[in-house]
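So you know, we letter chains A, B, ... as the sequences are listed, proteins then strands, and number each from 1.
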Amino acid sequence: MSDGSLKEVVETIAKALVDHPDEVAVIELEGEATVLELRVAPQDLGKVIGKQGRTARAMRTLLRAAGMKLRKRFVLEILE
Amino acid sequence: MSQEHVNLVVDFTNRVLGSSGLDLKAVTEDSDDGSKIQVRGDDVALLLGRNAELLDALEYLGNRILARSSGEEEKVVFDSGGYRARREKELRLMAEKAAEKVRTSRIPFTFDPMTPNERRIVHLALANDSSVITESQGNGENRKVTVRPAK
């Protein structure tokens, strides 16, 4: 399994949760840590953040676990 | 909960796990009390580390998908081996130990933050113990159970 697919993890989750999956976009920025920038339609923002931020936290938990295996750090940024 | 909806959650979870590079796979398990989703694989240590934070995250996301597709409030439980039952036993034991400590010391004891389900197990474990009272304090992921002397 390639390690470029954590972008896909975020995309899969976001698309499954929003009302406008066509407007989901994830950009990967390689640096010391890999930054995954998630952009969704403005009216879908709450859906990818979740109540008390739980959805965003669940995605970050997944990225951390996968990152431990890949020995890389991943940061999820949700753009407003 | 229909089998169709559970399958949808299993498919979603496996798509996510497949892209993650983690060696984990979700399967449906039928039991007496409805369907459960079992997660297994070589990376089970990463799944169950930090009080099963990843298992809980997958359960949370899976239930968001379920709520969206079925429109129902019903939830599906994610487990791995006998983790949930083992953890429940451990929490009950911790609750009893804490109650004993509070009873003799008369000093309140506060647990580390727990998930809603874990807090429920602690409250229930001490519900019939008239020597102590339990309450939850704090917000969101920081919510903790405190055990106090009854009087």
Counting only heavy atoms closer than 4.5 Å, note whether A:R64 contacts chain B via side chain, backbone, both or neither.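 Contact with chain B involves the side chain of A:R64 alone.
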Before accepting this row, confirm whether a basic side-chain N of the pair [X]/[Y] lies closer than 4.0 Å to the acidic partner's carboxylate O.
X	Y	answer
B:R84	B:E88	no
A:D44	A:K15	no
B:E118	B:R87	yes

Give a yes or no on this: more than 12 heavy atoms of other residues, nucleotides or ligands lie within 6.0 Å of atom [atom1] of [X].
X	atom1	result
B:K101	NZ	no
B:R103	CZ	yes
A:E80	CD	no
B:K75	NZ	no

Residues of residues 129-140 of chain B within contact distance of chain A, non-hydrogen under 4.5 Å: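 Within residues 129-140 of chain B, near chain A: B:G140.
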Residue pair B:T28 / B:S35, side-chain donor-acceptor N/O under 3.5 Å: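 No donor-acceptor contact under 3.5 Å links the two side chains.
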Interface residue of largest heavy-atom contact number with chain B, from A:R60, A:R54, A:M59, under 4.5 Å: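 Option with the greatest count: A:R54.
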Is B:D43 close to chain A through its backbone or its side chain, or both, or neither, when contacts mean heavy atoms under 4.5 Å?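 For B:D43, side-chain heavy atoms alone lie under 4.5 Å from chain A.
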Please classify the contact between B:L58 and chain A as side chain, backbone, both or neither, with a heavy-atom cut-off of under 4.5 Å.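 Contact with chain A involves the side chain of B:L58 alone.
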